[in-house]
Number of protein chains: 2
Amino acid sequence: MNIQETAACLGELGNETRLEIFRILVKSGHKKINVGDLQQQLDIPNSTLSHHLSKLTNVGLINQEKEGRHIFYHPHFKQLQGMIDFLLDECCEGESCLPKNNCC
Amino acid sequence: MNIQETAACLGELGNETRLEIFRILVKSGHKKINVGDLQQQLDIPNSTLSHHLSKLTNVGLINQEKEGRHIFYHPHFKQLQGMIDFLLDECCEGESCLPKNNCC
DNA sequence: TATTCATTTCGACAATCATGGAAATAATAG
DNA sequence: CTATTATTTCCATGATTGTCGAAATGAATA
């Protein structure tokens, strides 16, 4: 995970709507959630939602899984972890004031 | 730390230049760094740097400390931690797949 | 006070972004 | 096939953002 990738992930999560989408997915853990479910919870137009989902997908923070006429989304925990690790990496010049943390 | 605050922090770190600035401050830990030092390391105009610093300051990710004719900047680790906690909070509906982590 | 160095403010610009309506595509059910 | 539901693509638009030059401010020293 380099600086470009990390900045891209952070930037996408920096939009309130996308952060809410991502949180819904994170909270539901490994349960399956499709676009329709999200739309109901968020109450935003389908085109807007689709736009946000593709942005999150592009930076690798979420994955999609097609099944029948639904598309299920779930968070990509490794990418989230990578992003966090980059932020905390080499904190305080290796004095390691930050315990490593693992995600899922 | 609510969703608006978290999104604001994430968004500001989503800019590559600002992420680099933040990283320099994080890496140097509790050592003092002023604007001049940063400018040397980054090689960007002072107005641009100042612009980025004020954005990071506004969302509480860094603090400034005036001393003589210098202004020293340092990361606000609690805010960074709050941001990360928000992202990981309630992951997988309380199945607690994510160990809590502490920053500094 | 004058000088010097550090930092900020102002003003401008192109580039990117968020949003959503409308139409198009995909997939299943009847 | 037709109807229905789910999802995406296309397109437009106003708003925000990133960048930087130039000027202004601040603070210390001589």
Side-chain angles (χ1 to χ4, degrees), chain A residues 3-25 28 31-76, chain B residues 3-25 28 31-76:
Chain A
I3 191 165
Q4 282 91 4
E5 248 187 301
T6 306
C9 288
L10 289 164
E12 299 303 2
L13 289 179
N15 174 273
E16 213 177 303
T17 307
R18 278 195 294 272
L19 182 54
E20 210 178 334
I21 292 170
F22 188 72
R23 267 209 123 200
I24 291 174
L25 296 176
S28 60
K31 224 190 303 173
K32 289 184 174 181
I33 290 200
N34 67 14
V35 182
D37 297 334
L38 283 170
Q39 204 185 342
Q40 267 194 324
Q41 292 193 52
L42 293 163
D43 196 32
I44 56 177
N46 44 13
S47 59
T48 304
L49 177 54
S50 175
H51 166 74
H52 288 310
L53 287 171
S54 78
K55 286 207 147 199
L56 287 171
T57 305
N58 283 340
V59 297
L61 279 167
I62 62 177
N63 293 321
Q64 49 174 225
E65 188 187 337
K66 302 195 185 195
E67 203 170 296
R69 56 170 147 173
H70 296 282
I71 298 184
F72 296 99
Y73 283 92
H74 45 83
H76 188 194
Chain B
I3 191 165
Q4 281 91 6
E5 248 187 302
T6 307
C9 287
L10 289 164
E12 299 304 3
L13 290 178
N15 174 272
E16 212 177 304
T17 306
R18 279 195 293 273
L19 182 54
E20 210 177 335
I21 292 171
F22 188 72
R23 267 209 123 200
I24 291 175
L25 295 177
S28 61
K31 223 190 304 172
K32 288 182 176 183
I33 290 201
N34 67 13
V35 182
D37 296 334
L38 283 170
Q39 203 185 343
Q40 267 194 324
Q41 292 194 51
L42 292 163
D43 196 31
I44 56 179
N46 44 11
S47 58
T48 304
L49 177 54
S50 175
H51 166 73
H52 288 309
L53 287 172
S54 76
K55 287 207 148 199
L56 288 171
T57 306
N58 284 341
V59 297
L61 279 167
I62 62 177
N63 293 321
Q64 48 174 226
E65 188 189 341
K66 303 194 185 197
E67 203 170 297
R69 53 172 149 172
H70 296 282
I71 298 184
F72 295 99
Y73 283 91
H74 44 84
H76 187 193

Going from NZ on B:Lys31 to NE2 on B:His74, what distance comes out if it is rounded to the nearest 0.5 angstrom?
14.5 Å
Between C:dA6 atom P and B:Asn34 atom CG, what is the distance in whole Å?
8 Å
Which pair of heavy atoms, one from B:Phe22 and one from B:Leu61, lies closest together, and at what distance?
CE1-O, 3.5 Å
When you look at A:Ile24 and A:Leu42, which way does the side-chain contact (heavy atoms from CB on, under 4.5 Å) test go after all the steps?
CA-CA 10 Å; A:Ile24 291 174; A:Leu42 293 163; 3.9 Å; yes
Round to a whole Å and report the spacing from CD of A:Glu16 to C1' of D:dT16.
15 Å
Separation of A:Leu19 CG from A:Leu13 CG (nearest 0.5 Å)
6.0 Å
To the nearest 0.5 Å, how far apart are CG in B:Leu25 and OH in B:Tyr73?
9.5 Å
Write down the distance between NE2 (B:His70) and P (C:dT4), rounded to a whole number of angstrom.
17 Å
Would one find a side-chain N or O of A:Arg18 under 4.0 angstrom from OP1 or OP2 of C:dC17?
no
Pick the nucleotide of DNA chain C nearest each of A:Ser47 and A:Gly11; which residue has the one closer to the 5' end?
A:Gly11
Atom-to-atom span, CZ of A:Arg69 to C1' of D:dA6 - whole angstrom
7 Å
Contact check, residues 49-68 of chain A vs DNA chain D, heavy-atom distance under 4.0 Å, returns A:Ser50, A:Gln64
Under 4.0 angstrom between A:Thr48 side-chain N/O and C:dA18 OP1 or OP2:
no
Shortest non-hydrogen contact between B:Lys32 and B:Asp37, atoms and distance:
O-OD2, 4.3 Å
Would you say A:Asn15 places a side-chain N or O within less than 4.0 Å of OP1 or OP2 belonging to C:dC17?
no
Tell me: CD of B:Glu20 to P of D:dG18, nearest whole Å?
15 Å
To the nearest angstrom, how far is B:Glu12 atom CD from D:dT16 atom C1'?
12 Å
Considering every strand and a 4.0 Å limit on heavy-atom distances, what is the contact class for A:Phe72: base, sugar-phosphate, or nothing?
nothing
Distance check, rounded to the nearest 0.5 Å: B:Gln39 atom CD versus B:Ile44 atom CD1?
7.5 Å
A:Asn46 CG to C:dT25 P: how many Å, rounded?
16 Å
Can you check the A:Ile44 CD1 to C:dA18 P distance for me, whole Å?
12 Å
Proximity to the side chain of B:Pro45 - top-ranked nucleotide from C:dT8, C:dG20, D:dG21
D:dG21
